[in-house]
Amino acid sequence: MVSASSNISSIKAFAESNGASPIPSNYHSFADINDVADADGLAASIPVIDFSFLTSDDPQIHTKTVDELGKACAEWGFFMLINHGISESLMEELMKKSREFHDLPMEEKKEFCDNGDPFSPIRHGTSFHPPAENVHYWRDFLKVLTSPKFNFPHKPPGFREVGFEYSQKITGVARKLIQGISESLGLEPNSIIDFSGFDSGSQIFAVNLYPPCPQPHLALGLPSHSDVGFLTFLIQNGIGGLQVKHEGKWVNVNPISNCLVVNIGDQLEAVSNGNYSSVLHRAILNNKDTRVSVVVVNGPALDNEIGPVPKLLEKEKPLFKSIKYSDYFLLQQKSRLSDGRALDQTRYSAEQ
Ligand SMILES: O=C(O)CCC(=O)C(=O)O
Ligand SMILES: [Fe+2]
């Protein structure tokens with residue numbers, strides 16, 4: 001076994017120099033790897049939501065789609081979004097620039113190096129939550145806070161512009177989906193939007209790069225986790241690797257071109273009072289292709305106290321305590337994977 005390596009600041013640079021040699025032992029993720037996998041068995045039954053139906057002027061089509069959306073949220077916490085109105089050329093350009101960012105020499109990316117502060121506006125780093133982990137993950141990331149204030153790296157040329165356009169378009173799609181989700185819970189379309197301060201809400205923009213791994217079955221790109229916000233939108237460069245947990249099994253999410261992969265995050269579970277749960281997901285590796293994913297997480301305003309939407313509590317007992325979103329964000333960033341989901345720390349215990 002190759003001994004542990006503690007000072008890798010870019011797994012891409014490490015993988016390029018390591019070649020086909022065995023990977024360091026502190027990248028071994030046996031526990032997760034041995035989880036039950038169903039891989040492709042259920043892949044075909046992943047729900048598909050047509051965004052153009054959700055936004056249709058025909059009330060019947062809209063209502064039917066709201067029902068489908070509610071079902072996808074309740075049963076999977078996850079769905080594929082088609083006809084979302086974001087052009088294929090914008091997504092392709094974003095993917096190209098994202099790859100170019102990671103291909104910049106380390107020297108050029110030094111100014112963005114992760115300083116460990118989750119609120120720092122631009123962070124380039126590696127693995128998952130490095131300060132809180134023993135096992136490392138085969139991923140490099142760029143994480144940017146793109147709302148309420150838009151931050152973005154100024155290189156490579158054109159990246160910032162394409163990032164801005166995409167960030168705005170995703171917020172528009174997220175807003176409509178959250179309105180539909182609100183309706184599916186029997187609330188007014190704007191209930192979650194108004195309660196959470198969505199219109200001055202936060203957005204995290206992440207660009208993940210997973211280099212080929214010579215021992216893909218020993219390591220993970222990302223461990224099982226749920227995302228922090230309301231909804232996460234993912235696109236990828238045609239290379240699979242994302243798996244979601246459904247009914248206890250890991251299901252492959254095979255890339256479909258021009259489609260947004262959407263999953264529910266912790267804050268939607270909190271505002272919906274647990275009617276919709278955030279979904280566990282992870283990224284697995286391969287030994288041939290570099291995989292790139294662009295992930296955008298829209299959430300509440302950082303200063304808002306978030307808990308179940310009050311209207312829901314007319315008929316239900318609250319499952320979650322209210323917590324300021326910025327405090328929840330920090331809690332989630334600092335939690336160790338072995339502590340379980342951060343959201344469970346805000347849950348009322350059975351006797352309360
Ligand atoms: O790259 C992927 O497939 C998953 C990325 C992800 O889950 C994340 O960035 O939170
Ligand atoms: Fe995620």
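Counting convention: from 1, in listed order, for ligands and their atoms alike. Quantities reported herein were computed from a predicted structural model and do not represent experimental measurements.
The aromatic rings of F14 and Y27 sit parallel to each other, their planes meeting at less than 30°, with 60° as the upper class boundary. Under the 30°/60° scheme for interplanar angles, the aromatic rings of F128 and Y137 are found to stand perpendicular.
Neither the backbone nor the side chain of F141 has any atom closer than 4.0 Å to an atom of ligand 1 (non-hydrogen atoms only). At a heavy-atom distance under 4.0 Å, no atom of T232 approaches ligand 1. Residue-level proximity to ligand 1 for L234 is carried by the side chain, the only part with a heavy atom below 4.0 angstrom. Contact annotation: for S293 versus ligand 1, heavy atoms closer than 4.0 Å belong to the side chain alone. Residue contacts with ligand 1 for Q236 are absent, since no atom lies close enough (heavy atoms, distance under 4.0 Å).
Looking only at atom types and distance, the side chain of D50 has a donor-acceptor partner in the side chain of S52 under 3.5 Å away. With 3.5 Å as the limit, one finds no donor-acceptor pair spanning the side chains of S182 and E188.
Rounding to the nearest 10°, we obtain 90° for the angle at the Fe ion (ligand 2) between H225 NE2 and H281 NE2.
Evaluation of the ring-ring contact (aromatic ring centres under 6.0 Å, His included) test over residues 51-72, restricted to residues two or more places apart or in two chains, returns none.
Expressed to the nearest 0.5 Å, how far CZ of F320 lies from CG of D266 amounts to 8.5 Å.
Take the N/O/S atoms of D227: the one nearest the Fe ion (ligand 2) is OD1.
Looking only at heavy atoms of the protein, atom 9 (O) of ligand 1 is closest to N208 ND2, 3.1 Å. The closest protein non-hydrogen atom to atom 6 (C) of ligand 1 is L222 CD1, 3.4 Å. Remark: minimum distance from atom 2 (C) of ligand 1 to any protein heavy atom is reached at Y210 OH, 3.3 Å. Among all protein heavy atoms, the one lying closest to atom 3 (O) of ligand 1 is R291 NH2, 2.8 Å.
Taking the ring centre of F141 as origin, the terminal cationic atom of K143 falls inside the region bounded by 6.0 Å and 45° from the ring axis.
In this structure, H225 counts as a contact residue of ligand 1, since one of its heavy atoms falls inside 4.0 Å of the ligand.
Screening L94, V261, I86, V292 against I235 for a side-chain contact (heavy atoms from CB on, under 4.5 Å) leaves a single residue, L94.
You'll find the side chain of I192 reaches within 4.5 Å of the side chain of L185, heavy atoms only.
Set against the non-hydrogen atoms of H281, the atoms of ligand 1 under 4.0 Å away are 7 (O).
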